Amino acid sequence: MRTHKVAVITGTNSNLGLNIAYRLIDNLDYEDKLTLVVTSRTLLRVREVIDLLKAYSEKHEKNMYVDYDYLLVDFTDMVSVLGAYYDLNNRYDAIHYFFVNAAQGVYSGIDWMQATKEIISNPLEAVTNPTYKIQRIGVNTADGMGLVFQANVFGPYYLIRKLIPQLSKGNAIVVWISSLMAEPKYLSLEDIELLKTDASYEGSKRLVDLLHLMTFKDLKALGIHQYLTHPGIFTSNSFFQYLNFFTYYAMLMFFYFARLMGSRWHNISGYKAANAPVYVATLANPNFERQELKYGSATYRDGMEYIVTEEVDPTGAYDVYKYIIRLAEDWDEKLKDQIVNSRIIL
């Protein structure tokens, strides 16, 4: 009998999310069957992504072993998150892979003067740890939470929390996507919802790191193996609107320059960036791989890909976890009488 596995990929419409799906298709054994649950906020984008995945699976002669489902979810809306749980709970008894690829930011542009200074003074650092991306401060949601906090951390965590029975039955692998820039300096424990910082995106990924450290052991006791990963640096759709033809290709040129100079993190390709997330999901041995580490997608100068593991600074983990658990309990109470079925027949 074929083994039938279900993979939920949040943010499947992003470059990284789409390439995670591609790599899952590539790694699929011909004896297995895979259902890819494509998620997005809009039905139009869901259809576009499913068409791309169907074309890819046909090209690689896997179309007989892959089928598709979808989930409409907006992590900045807790009723939508509950609706996503309702849909998955009713459709699947078991979920085998859950990729948390939420990566929303509140960017408003690029400080071109600062970017020029950084590139002239230290081009490698400028395209590895840039400080010239402008992020708005104090943006919250209609739910009253910090937008980036809710979209990238709390919303996905709350959905996973609700899906514990399905994840446990599937002996699931849960994969959180963090960032190369998830450094302690970007998070203040006085601002866990990231409303006072001009680096809310980086702060949200630091929260992901700490939340993982506080939850993976409890999940393991339930048969769920959770991993923390990051994709390195690659071309993302999030900044295309701030680049023109010349600045886009200048960015690519600096990325390749950084790789030639020895930067292991400049994967550039979304497919290479998806290496670590899919590695821990499909190839890592949970009896030997250390779950407290962060697994990063890396490449050599010639573009050959490999995995790098790094320690995660646990400072503040308990405080973050305590805050999020209390918030989740509050939302359990707020949402106890609200269930929304968001499915539409494609």
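Just so you know, these numbers come straight off a predicted model, no measurement behind them.
- Within the 4.5 Å cutoff, the side chain of Tyr318 has heavy atoms near those of the Met214 side chain.
- Atom CD in Glu310 sits 9.5 Å away from atom CG in Leu293 (nearest 0.5 Å).
- The number of heavy-atom neighbours closer than 6.0 Å to OH of Tyr306, taken from other residues, nucleotides and ligands shown, is above 12.
- A salt bridge between Glu329 and Arg326 is absent, with no side-chain N of the basic residue lying under 4.0 Å from a carboxylate O of the acidic one.
- If you check the side chains of His225 and Gln291, you find no donor sitting under 3.5 Å from an acceptor.
- Contact check for Gln114 versus Thr131: side-chain heavy atoms found under the 4.5 Å cut-off.
- With hydrogens and angles disregarded, a donor-acceptor distance shorter than 3.5 Å links the side chain of Asn15 to the backbone of Thr235.
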Query raised in the report: Should Thr282 and Asn27 be marked as a side chain to side chain donor-acceptor pair (under 3.5 Å) after you check the CA-CA gap, both sets of side-chain angles, and the distance that decides it?
Result: CA-CA 8 Å; Thr282 62; Asn27 287 12; 3.1 Å; yes

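- No side-chain donor-acceptor contact under 3.5 Å links Asn101 and Thr10.
- Follow the hydrophobic side-chain contacts under 4.5 Å out from Met113 and you never reach Ile119; the two are in separate clusters.
- What you find for Ser40 and Val46 is that their closest heavy atoms are CB-CG2, 3.7 Å.
- Taking the six-membered ring where the residue is Trp, Phe257 and Phe254 present perpendicular rings, their angle passing 60° and hence far from 30°.
- For Ile160 against Phe98, the heavy-atom pair with the smallest separation is CG1-CE2, 3.8 Å.
- Asn89 is listed as a side-chain neighbour of Gln166, based on a closest heavy-atom distance under 4.5 Å.
- Under the 4.0 Å criterion applied to side-chain N and carboxylate O atoms, Glu333 and Lys336 are assigned as salt-bridge partners.
- Ring geometry, Tyr295 versus Tyr279: the interplanar angle falls from 30° to 60°, so the pair is classed tilted.
- In terms of heavy atoms, Thr229 sits closest to Ala276 at CG2-O, 4.0 Å.
- In this model, a donor atom of one side chain and an acceptor atom of the other lie less than 3.5 Å apart for Thr76 and Asp74.
- Taking OG from Ser200 and NZ from Lys205, the interatomic distance works out to 11.5 Å, rounded to the nearest 0.5 Å.
- Checked for salt-bridge contact, Lys334 and Asp143 miss the test: no charged N lies under 4.0 Å from a carboxylate O.
- Side chain of Arg264 to backbone of Ala298: no donor-acceptor contact under 3.5 angstrom is found.
- Between the Asp191 side chain and the Leu195 main chain, a donor and an acceptor come within less than 3.5 Å of each other.
- Side-chain polar atoms of Tyr186 and Ser179 form no donor-acceptor pair below 3.5 angstrom.
- Aromatic pair Tyr22/Tyr271: centroids not less than 6.0 angstrom apart.
- Interatomic distance, Leu210 CG to Asp313 CG, rounded to the nearest 0.5 Å: 8.0 Å.
- Using a distance-only test at 3.5 Å, with no hydrogens or angles considered, a donor-acceptor pair links the side chain of Tyr132 to the main chain of Ala126.
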Query raised in the report: Going through the distances and angles, do Asn129 and Glu125 end up as a side chain to side chain donor-acceptor pair (under 3.5 Å)?
Result: CA-CA 6 Å; Asn129 296 295; Glu125 182 69 10; 3.2 Å; yes

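- Tracing side-chain contacts under 4.5 Å through hydrophobic residues (I, L, V, M, F, W, Y), one never reaches Met145 starting from Val148; they form parts of separate clusters.
- No side-chain heavy atom of Val174 sits less than 4.5 Å from a side-chain heavy atom of Phe216.
- Heavy-atom minimum distance, Gly203 versus Leu187: O-CD1, 4.4 Å.
- Note that CD of Gln226 and CD1 of Ile173 are 10.5 Å apart. Values are rounded to the nearest 0.5 Å.
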Requested in this report: Let me see the working for Asp209 and Lys294 under salt bridge (Lys or Arg N to Asp or Glu O under 4.0 Å), right down to the final yes or no.
Outcome: CA-CA 8 Å; Asp209 288 4; Lys294 184 187 289 190; 2.8 Å; yes

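- Not one N or O on the side chain of Lys272 forms a donor-acceptor pair closer than 3.5 Å with the backbone of Ser297.
- Looking at Gln135, its side chain does come within 3.5 Å of a backbone N or O of Tyr201 through a donor-acceptor pair.
- In the hydrophobic clustering of this structure, Trp265 groups with Tyr256; members are Ile, Leu, Val, Met, Phe, Trp, Tyr whose side-chain heavy atoms approach within less than 4.5 Å, directly or through other members.
- With a 6.0 Å radius and a threshold of 12 heavy atoms from other residues, nucleotides or ligands, Arg41 has its CZ atom at or below the threshold.
- Tyr65 and Asp29 share no donor-acceptor pair across their side chains, judged by distance under 3.5 Å alone.
- Between Thr215 and the options Leu211, Asp218, Leu213, a side-chain contact (heavy atoms from CB on, under 4.5 Å) holds for only Leu211.
- Ser14 OG to Ile9 CD1: the interatomic distance, rounded to the nearest 0.5 Å, is 9.5 Å.
- Scanning all heavy atoms of the two residues, the minimum distance from Met78 to Leu335 falls at O-CD1, 3.9 Å.
- Of the inter-residue distances, the one linking Tyr70 atom OH with Thr12 atom OG1 reads 13.5 Å to the nearest 0.5 angstrom.
- Residues Ser204 and Asn152 approach most closely at OG-ND2, 3.1 Å, considering heavy atoms.
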